Student: 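Below: one structure in structure tokens.
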2 protein chains.
Amino acid sequence: MTNVVAEPVAPMSIASVERDSGLPKDTLRVWERRYGFPNPLRDKQDERLYPADQVTTLRLLRRLIVAGHRPGKIVGLPDDQLKKLLEKVGGPDDQPTAYEAEPVLGLLRSHDAVGLRNHLNAIVLRSGLGAFASVTGPRLVEAVGSAWARGDLEIHQEHFFTEQFTTVLRSSISAAEGAGLPRVRPRVLFGTFPQEPHALGLMMAEAMFTLEGCLGISLGVQTPIPEIAAAARAHKADILALSFSSIVPAAQATTGLAELRNLVPGTIEIWAGGACPGLRPMPGVYVLRGLASIGPAIEAWRSRTNFTE
Amino acid sequence: MTNVVAEPVAPMSIASVERDSGLPKDTLRVWERRYGFPNPLRDKQDERLYPADQVTTLRLLRRLIVAGHRPGKIVGLPDDQLKKLLEKVGGPDDQPTAYEAEPVLGLLRSHDAVGLRNHLNAIVLRSGLGAFASVTGPRLVEAVGSAWARGDLEIHQEHFFTEQFTTVLRSSISAAEGAGLPRVRPRVLFGTFPQEPHALGLMMAEAMFTLEGCLGISLGVQTPIPEIAAAARAHKADILALSFSSIVPAAQATTGLAELRNLVPGTIEIWAGGACPGLRPMPGVYVLRGLASIGPAIEAWRSRTNFTE
DNA sequence: TGGCGTATTTGTCTAGGACAAAAATGGGAT
DNA sequence: ATCCCATTTTTGTCCTAGACAAATACGCCA
């Protein structure tokens with residue numbers, strides 16, 4: 001029930017569509033060539049003009065592709081079929097997640113900024129930062145992500161969630177840093193590869209390391225691999241912690257880790273973690289399964305290196 | 001004085017250079033055709049491979065063009081001439097910037113995480129959040145950006161600065177939100193267009209609005225235009241605040257703002273600001289020159305709409 | 001069921017050409 | 001000399017259609 005009266009929206013240029021749908025110009029053109037969709041009008045200079053409804057369909061398609069569908073099978077299908085497919089995505093295994101996430105999804109649906117912030121803060125206060133960053137947080141992120149993929153949430157609601165979540169987590173990390181002993185080691189450098197724009201996983205890891213008394217330094221997301229290596233050397237890091245969400249292709253993660261391993265001295269450990277399914281241990285790279293395993297891993301590092309605070 | 005030993009950095013693909021320099025692929029190709037620069041190597045499949053030094057030059061060129069030079073006059077010139085031109089550009093008004101930024105650049109060069117954080121926090125405490133977000137902050141960001149463009153800082157140092165700056169600013173905003181009267185109006189929604197990944201400008205604006213007692217809601221960066229519009233309606237925003245850094249082409253900013261203006265009801269005001277030089281006022285869109293003008297603008301809004309706390 | 005080699009799919013790159021919007025330039029008229 | 005308008009140059013973005021490697025699916029065998 002978005003609009004009762006159809007608004008006359010001007011058709012968009014290919015550059016606008018690229019921005020709004022997230023599909024590169026080259027892809028838009030090659031889909032048109034291969035699958036016959038999109039099927040834009042042309043202006044006087046023979047440039048593509050995309051009607052608004054086709055752009056909407058393109059957004060639907062992008063969601064389905066992110067969810068694992070293949071372009072060849074779905075590009076060109078009528079809208080109602082696409083919507084049916086979208087409903088199936090994320091289906092049955094949603095049940096366990098739903099329990100904790102339901103209030104959050106409700107707050108997102110009602111656009112309640114203050115309520116959401118309070119709710120997240122309450123979770124941190126009630127169960128502690130550790131449980132939030134390693135258990136509840138990942139579940140909420142997962143639930144919101146799949147609700148978005150399913151079409152239950154708009155993009156802007158997902159952005160909004162990310163912002164609120166970030167704010168709560170950041171302030172908790174700051175608070176945790178202030179408390180406790182002066183931090184010295186291990187010095188941990190955080191980052192993600194260039195193809196990984198997802199910051200929440202990295203931040204939850206940062207929270208866990210901070211709780212263990214590490215000195216954390218973050219580069220944020222999407223740092224080129226040679227730059228990560230240079231930073232690790234410059235900051236004299238003990239551990240390089242990399243986060244991989246499920247959007248990173250396994251092969252690229254592996255290649256990148258090997259490249260990185262080559263660029264930093266062996267005295268610096270590389271720890272990789274995240275939801276990326278293809279992450280596998282390799283020589284000189286530790287793979288952490290789940291954020292809860294960070295604590296024990298730090299303990300092990302400390303006894304391994306004979307470092308005591 | 002970055003590196004004594006030249007490191008062998010792998011040449012970049014055209015897509016990487018587009019991300020890195022902010023110049024679209026088409027422009028890179030057409031410059032090569034017209035001016036003979038850049039002059040990339042080719043890999044086995046005849047695809048362009050840009051050496052690192054050419055990418056540095058491209059960044060220099062982009063800065064000069066943003067500053068008003070014409071491509072035809074400067075593309076192809078040797079680096080030392082470009083640097084001379086660049087010095088003239090920011091010439092006299094570079095002095096005051098250098099004064100405040102020098103300690104920060106020093107801390108970045110020595111990779112002093114704790115020192116940088118303390119230094120930024122000290123500025124906030126000494127001069128206040130308002131002065132930090134509207135005066136010192138922008139100057140620091142500018143100084144770091146141009147040091148990076150000049151090649152005086154590595155990418156990872158710029159990432160590192162961004163993270164520390166973000167942390168300090170966020171916690172200050174949180175503190176400011178907690179203080180003062182309960183926040184009701186204006187309700188301000190923050191965001192950037194999809195081609196704008198720069199979050200610092202947006203956050204500094206958020207700080208200024210928060211200090212004025214507004215209720216701020218952020219979508220973070222890179223939200224598609226129709227989604228921004230949908231969020232504005234859903235959150236019943238009074239003001240939509242958009243941030244534009246200098247990497248956004250003026251034409252795209254204008255087009256996008258017009259599109260956005262069409263999509264949201266006239267009762268919601270659109271305020272645009274940022275370092276983007278081509279930002280011009282247009283019907284239904286206010287352009288704020290400088291973060292310091294946010295305060296008076298809010299006052300004006302309050303008296304215009306007869307809203308009193 | 002799990003691993004491995006082959007076939008298909010898919011995104012991104014290539015080359016030049018074209019053209020409109022933006023900017024610079026020239027030439028009166030005030 | 002200054003202002004304004006028309007003409008020329010510059011510049012970015014779009015076009016077509018082909019190519020190819022990386023990613024993925026498929027078929028086969030153990």
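Labels below follow one simple rule: chain letters A, B, ... track the order of the sequence lines, proteins then strands, and each chain is numbered from 1. Everything numeric here is computed off the predicted structure, so don't read it as measured data.
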Student: Please set out all donor-acceptor pairs under 3.5 angstrom arising from side-chain atoms of residues 20-28 of chain A, sequence neighbours excluded.
Tutor:
| from | atom 1 | to | atom 2 | distance (Å) |
| --- | --- | --- | --- | --- |
| Ser21(A) | OG | Val17(A) | O | 2.8 |
| Ser21(A) | OG | Leu23(A) | N | 3.2 |
| Lys25(A) | NZ | Glu18(A) | OE1 | 3.3 |

Student: What residue pairs, at least two apart or across chains, pass side-chain hydrogen bond (donor to acceptor under 3.5 Å, both in side chains) with a residue in residues 30-41 of chain B?
Tutor: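 Non-adjacent pairs meeting side-chain hydrogen bond (donor to acceptor under 3.5 Å, both in side chains): Glu32(B)-Arg42(B), Glu32(B)-Arg48(B).
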Student: Does the side chain of Glu196(A) pick up a donor-acceptor pair with the side chain of Ser245(A) at under 3.5 Å?
Tutor: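 Side chains of Glu196(A) and Ser245(A): pair found under 3.5 Å.
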Student: Specify the separation, in whole Å, of atom CG of Leu61(A) and atom P of dT9(C).
Tutor: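 About 18 Å, once rounded to whole Å.
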Student: For the residue pair Phe193(A) and Phe244(A), categorise the inter-ring angle as parallel (less than 30°), tilted (30 to 60°) or perpendicular (more than 60°).
Tutor: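 Perpendicular: the ring planes of Phe193(A) and Phe244(A) meet at over 60°.
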Student: Just to confirm, is there a sub-4.0 Å distance from OP1 or OP2 of dT9(C) to any side-chain nitrogen or oxygen of Tyr35(A)?
Tutor: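 Result: no.
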Student: With a 4.5 Å limit on heavy-atom distance, are the side chains of Glu154(A) and Trp148(A) in contact?
Tutor: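 Glu154(A) vs Trp148(A): side chains apart.
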Student: Which comes earlier along DNA chain D counting from the 5' end, the contact point of Lys73(A) or that of Thr27(B), where each point is its nearest nucleotide?
Tutor: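 It is Thr27(B), whose closest nucleotide lies nearer the 5' terminus.
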Student: In this structure, how many angstroms lie between the P atom of dA18(C) and the CG atom of Asp43(A), rounded?
Tutor: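 Atom-to-atom, Asp43(A) to dA18(C), this comes out as 17 Å.
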Student: Keeping the roles fixed (side chain from Thr166(A), backbone from Thr162(A)), state whether a donor-acceptor pair exists under 3.5 Å.
Tutor: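 Flag set: sc Thr166(A) to bb Thr162(A) pair under 3.5 Å.
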Student: Under 4.0 Å: is that the gap between some side-chain N or O of Trp31(A) and OP1 or OP2 of dT10(C)?
Tutor: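 No, because none of the side-chain N or O atoms of Trp31(A) sits under 4.0 Å from OP1 or OP2 of dT10(C).
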Student: Between the protein and nucleotides 14-21 of chain D, which nitrogen or oxygen pairs are less than 3.5 angstrom apart?
Tutor:
| from | atom 1 | to | atom 2 | distance (Å) |
| --- | --- | --- | --- | --- |
| dC14(D) | OP2 | Lys25(A) | NZ | 3.1 |
| dC15(D) | OP1 | Arg48(A) | N | 2.7 |
| dC15(D) | OP1 | Arg48(A) | NH1 | 3.0 |
| dC15(D) | OP2 | Arg29(A) | NH1 | 2.4 |
| dC15(D) | OP2 | Arg48(A) | NH1 | 3.2 |
| dC15(D) | O5' | Arg48(A) | NH1 | 3.3 |
| dT16(D) | OP1 | Arg42(A) | NH1 | 3.2 |
| dT16(D) | OP1 | Arg42(A) | NH2 | 3.2 |
| dT16(D) | OP2 | Arg48(A) | NH1 | 3.0 |
| dT16(D) | OP2 | Arg48(A) | NH2 | 2.6 |
| dA17(D) | N7 | Arg33(A) | NH2 | 3.1 |
| dG18(D) | N7 | Arg33(A) | NH1 | 3.0 |
| dG18(D) | O6 | Arg33(A) | NH2 | 3.3 |

Student: In whole angstrom, what separates Arg70(B)'s CZ from dT11(D)'s P?
Tutor: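 So the two atoms are 5 Å apart, to the nearest Å.
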